[in-house]
Amino acid sequence: MNCLEERIVKDGVVKEGNILKVDSFLNHQMDVQLFDEMAKEYQKRFAGKNINKILTIEASGIGIASVIALRFGVPVVFAKKSKSINLDGEMYTAEVESFTHKNINHVIVSKKFLTEDDHVLIIDDFLANGCALQGLIQIVKQAGATVEGIGIAIEKGFQPGGQIIRNLGYQLESLAIVESMDASTGQVYFREQD
Ligand code: 5GP
């Protein structure tokens with residue numbers, strides 16, 4: 001078990017509706033020492049990739065992405081969620097359906113901060129159905145930039161997002177892949193990784 005999986009077993013809470021709560025260390029209170037260990041693992045997994053920018057989505061991706069960006073020595077840009085679409089042409093925009101809130105958000109990134117010269121590592125805390133990632137990939141494509149890889153903290157392997165993104169040909173690295181979880185016992189079962 002890696003350090004993230006161990007922490008999920010220790011402090012994660014399985015909720016009804018296939019929700020894993022990790023707010024004591026990942027997406028509310030943030031254990032930045034853990035994030036730094038995760039960042040070192042992403043450095044190994046994306047070694048040899050020419051990454052000059054990290055892209056994530058507000059709010060819960062920002063903390064993890066910032067620590068990773070520090071390790072990689074590159075800036076981090078986060079996509080902002082917006083209720084209205086900006087039509088002034090200064091923004092890349094994509095639609096993202098929220099898994100947790102069941103609504104549709106527009107996500108926007110200023111054209112100033114993503115261009116065709118960028119080689120991007122996309123980072124997020126969770127991967128479930130893949131909507132958030134597909135929105136971020138669309139934004140990178142609009143910029144004419146290159147997705148060098150995708151780093152996820154927790155992939156819910158029983159939801160289709162991971163398969164969809166891997167089938168699109170991206171290098172997707174999830175540090176913990178949850179195969180199943182049980183709200184009655186609180187047990188979380190992980191997929192074996194090399
Ligand atoms: P997707 O777009 O892949 O369906 O869902 C990804 C987003 O939904 C993540 O950015 C995360 O905020 C949220 N999410 C999905 N599943 C969970 C979960 O089990 N627990 C928490 N805390 N957030 C989740």
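All of these numbers come straight from a predicted model, not from anything done at the bench. Indexing begins at 1, ligand by ligand and atom by atom, following the structure's order.
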Student: Quiz question: by atom type and distance under 3.5 Å, do the side chains of Ser98 and Asn105 form a donor-acceptor pair?
Tutor: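 No - no donor-acceptor pair under 3.5 Å links their side chains.
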
Student: Assess whether side-chain contact (heavy atoms from CB on, under 4.5 Å) is satisfied between Val120 and Ile54, documenting all intermediate values.
Tutor: CA-CA 6 Å; Val120 178; Ile54 308 275; over 6 Å; no

Student: Can you check which of Leu20, Val22, Ile19 brings a heavy atom nearest to atom 22 (N) of ligand 1?
Tutor: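 When every heavy atom of Leu20, Val22, Ile19 is considered, Leu20 comes closest to atom 22 (N) of ligand 1.
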
Student: Do NZ/NE/NH1/NH2 and the carboxylate oxygens of Lys111 and Glu90 come within less than 4.0 Å?
Tutor: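 The answer is no: the pair does not qualify as a salt bridge.
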
Student: Please state which protein non-hydrogen atom is closest to atom 2 (O) of ligand 1 and give its distance, to 0.1 Å?
Tutor: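 So the nearest neighbour among protein heavy atoms is Ala132 N, 2.8 Å.
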
Student: Answer yes or no: does an N/O atom from Cys131 fall short of 3.5 Å to an N/O atom of ligand 1?
Tutor: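 By distance alone, the answer is yes.
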
Student: Taking a cutoff of less than 4.0 Å between a non-hydrogen atom of the residue and any ligand atom, is Asn18 in contact with ligand 1?
Tutor: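 It does; at least one heavy atom falls under 4.0 Å.
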
Student: Lys156 near ligand 1, heavy-atom distance under 4.0 Å?
Tutor: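 The answer is yes: ligand 1 sits under 4.0 Å from a heavy atom of Lys156.
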
Student: Which residue holds the protein heavy atom closest to atom 10 (O) of ligand 1, what is that atom called, and what is the gap in Å?
Tutor: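 Here the closest protein heavy atom is Asp124 OD2, 3.1 Å.
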
Student: Taking heavy atoms and a distance under 4.0 Å, where does Asn27 meet ligand 1: side chain, backbone, both or neither?
Tutor: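 Side chain only.
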
Student: What protein heavy atom lies closest to atom 4 (O) of ligand 1? Include the residue and the distance to one decimal.
Tutor: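 It is Asn129 N, 2.8 Å.
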
Student: May I ask whether Gly130 places a heavy atom under 4.0 Å from ligand 1?
Tutor: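 Gly130: in contact with ligand 1 (<4.0 Å).
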
Student: Roughly how far, to the nearest 0.5 Å, is the CD atom of Gln138 from the CG atom of Leu133?
Tutor: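 So the gap between those two atoms works out to 12.0 Å.
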
Student: Would Met181 count as a polar contact of ligand 1, with the cut-off being nitrogen or oxygen pairs under 3.5 Å?
Tutor: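 No, since none of the N or O atoms of Met181 sits under 3.5 Å from an N or O of ligand 1.
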
Student: Looking only at heavy atoms, is any part of Asp125 under 4.0 Å from ligand 1, and if so is it the side chain, the backbone, or both, or is it neither?
Tutor: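 The answer is the side chain.
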
Student: Under a 3.5 Å cutoff, is there a donor and acceptor pairing between the side chains of Gln159 and Asn129?
Tutor: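 Per modelled atom types, Gln159 and Asn129 side chains form a pair under 3.5 Å.
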
Student: Looking only at heavy atoms, which two atoms of Val96 and Gly135 are closest? And how far apart?
Tutor: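 It is CG2-CA, 3.9 Å.
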
Student: Would you say the side-chain atoms of Gln43 and Lys40 include a donor-acceptor pair closer than 3.5 Å?
Tutor: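 Side-chain D/A pair, Gln43 to Lys40: absent.
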
Student: Nearest to atom 23 (N) of ligand 1, what protein heavy atom do you find, and at what distance?
Tutor: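 Atom 23 (N) of ligand 1 sits closest to the protein heavy atom Phe126 CD1, 3.5 Å.
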
Student: Using the rule that Ile, Leu, Val, Met, Phe, Trp and Tyr join whenever any side-chain heavy atoms are under 4.5 Å apart, tell me whether Val107 and Val147 fall into a single cluster.
Tutor: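 Hydrophobic grouping puts Val107 with Val147.
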
Student: Distance alone, cut at 3.5 Å: any donor-acceptor contact between the side chains of Asn167 and Gln163?
Tutor: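 A pair is found: one side chain offers a donor N or O, the other an acceptor, under 3.5 Å apart.
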
Student: Which protein heavy atom lies closest to atom 15 (C) of ligand 1, and at what distance to 0.1 Å?
Tutor: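 Answer for atom 15 (C) of ligand 1: Phe99 CD2, 3.2 Å.
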
